[in-house]
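Working notes, beginning with the structure itself.
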Amino acid sequence: MKSMHTLTRQIMLAMIAGIVLGSVLKLSGPPAWAQLYLLDGVLGVVGTLFVSALKMMVVPLVFVSLVTGVTALSDLRTLGRMGARALALYLATTAIAVTIALGVAGVVDPGQGFDAGPSSASFTGKDAPPLTQVLTDLVPTNPVAAMAEGNMLQIIVFALLFGMAVTMSGQRGTHVLNLFTDLNVVIMHMVEWIMRLAPYGVFALITRTFASQGLDILLPLAAYFLTLTAALAIQMFGVYPLLLRGLAGLNPLTFLKKMRDPVAFAFSTASSGATIPVTLRTVEYRLGVKNSAAAFTVPLGATINMDGTAMMQGVATVFIANVYGVDLSLTDYLMVVLTATLASVGTAAIPAVGLVTLTMVLGQVGLPVEGIALIIGVDRLLDMMRTAVNVTGDCAVSCIVAKSEQAFDQSVYDDPDAGSVEAATHPPYSTSPAP
Ligand code: ASP
């Protein structure tokens, strides 16, 4: 038994190699040929292909997997209870995350003495959509359009209804279910192909990022950067392990070890949406959450649960308040917890959107939106880290909800090799006879 699987090790090595090569290129100033043929050429193509391939799988996977998941539920009450638990935990973990972020920021006080300089920078944000629109948008007028746009909540609603109808359609429904069960296996095979290519994709993405984002830009904003990094680390290595142990009696170390792949994907793509295929695969095959729970909690979490993003918004608010010399009252802090939690629900699972929804949080406490221009320079790296936390939060909550619903296989969770891509050459699901 190895401590780390070959593929995971290759992905980690690819990340380190990408950081080194990217930083060297940045420091030395990449020669024109390297920029043209290497960074924009080969690495640009490989990185884009990798992310596109991942995104290509999201809609088919979520739809098919959710339809099979719903049909496996014994009754609708189970779905309702699971939904309520997942929602409550997603909101609670985000509120805890912002509170920790504000606590750490309160101690470090980043931004004191920061010279914003004569700033001509500007930033345009967006307003929160009214609640009525959020609710009416839940039901797609056209499910094909919802899929084409990748509107996750609408896809979830359509898949839930479709799955329920399959269950209630007797013999005919069983035919449809068999088809979807087989499709699920086929699509998972495609996801595994992409995972096998991950070392190349990750290397290309990370090299490009570090070649354009030299670490020198971090220096003036080191206090902000380090405060947020510390807060994210507390959430990842403190809060989730405690919740897993306390609410589900699960060994947190096993969890963190099995999170390496989705964390690497989230870090290099900075998109929890693009990471969904890997998150779903990890939660089901590596952590032992049954499809009936995972198919629902993972896409929901990727869409509405952004603990890392909310932490960024908490630290950024304190930083910007300090730079502009504004004192935040206790009520302001409470407002930040509330709005950052809600804003994280409304943040799309793609790169850099957290900054856009930060405008809502700043607006709530009367801070200038232009403040965002101060932190935008270091945002890419922080986006990568907070996306890793976002995805870890989705997986932790999925495990806790599944455990409480007996939709959990402890032997899979405890087996260090369960569901590894290497072991999946003869995957567990292909050994079961086709229905
Ligand atoms: N990139 C983040 C995600 O996809 C969202 C954000 O914070 O910008 O989870």
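Please read these numbers as outputs of a predicted model, since none were measured by experiment. Any value given below was found using the heavy atoms of this structure, including those in side chains, with hydrogens, waters and symmetry copies removed. Note that ligands are numbered from 1 as they come in the structure, with each ligand's atoms numbered from 1 the same way.
Taking the six-membered ring wherever Trp is involved, the centroid distance between the rings of F255 and Y240 does not fall below 6.0 Å. In this structure, F162 has its ring center under 6.0 Å from that of F180.
When heavy-atom distances to ligand 1 are checked against a 4.0 Å cut-off, A352 comes that close only through its backbone atoms N, CA, C and O. Residue M312 does not touch ligand 1, judged by heavy-atom distances below 4.0 Å.
In terms of protein heavy-atom proximity, atom 4 (O) of ligand 1 is nearest to S272 N, 2.9 Å. Atom 8 (O) of ligand 1 has G354 N, 2.7 Å as its closest protein atom, hydrogens excluded (heavy atom only). The shortest contact between atom 5 (C) of ligand 1 and any protein heavy atom is with I350 O, 3.4 Å. Residue, atom and distance of the protein heavy atom nearest to atom 2 (C) of ligand 1 are T387 OG1, 3.3 Å.
Neither side chain, D394 nor T279, offers a donor N or O lying under 3.5 Å from an acceptor on the other.
The distance criterion of under 3.5 Å between nitrogen or oxygen atoms is not met by L355 with respect to ligand 1.
Applying the 4.0 Å criterion to heavy atoms of M306 picks out, from ligand 1, the atoms 9 (O). Applying the 4.0 Å criterion to heavy atoms of T309 picks out, from ligand 1, the atoms 5 (C), 6 (C), 7 (O). Near A270, meaning under 4.0 Å from one of its heavy atoms, ligand 1 places the atoms 1 (N), 4 (O). Applying the 4.0 Å criterion to heavy atoms of S271 picks out, from ligand 1, the atoms 4 (O).
Proximity of F225 to F319: side-chain heavy atoms (C-beta onward) are nowhere separated by under 4.5 Å. With a 4.5 Å cut-off on side-chain heavy atoms, I375 and L358 count as touching.
Rounded to the nearest 0.5 angstrom, L232 CG and L382 CG are separated by 7.5 Å.
Of the options T94, T309, T275, a side-chain hydrogen bond (donor to acceptor under 3.5 Å, both in side chains) to N390 is made by T309 and by none of the others.
A salt bridge links D40 and R208; the closest N-O separation between the charged side-chain nitrogens and carboxylate oxygens is under 4.0 Å.
The nearest non-hydrogen atom to atom 1 (N) of ligand 1, considering only N390, D383, L382, V353, comes from D383.
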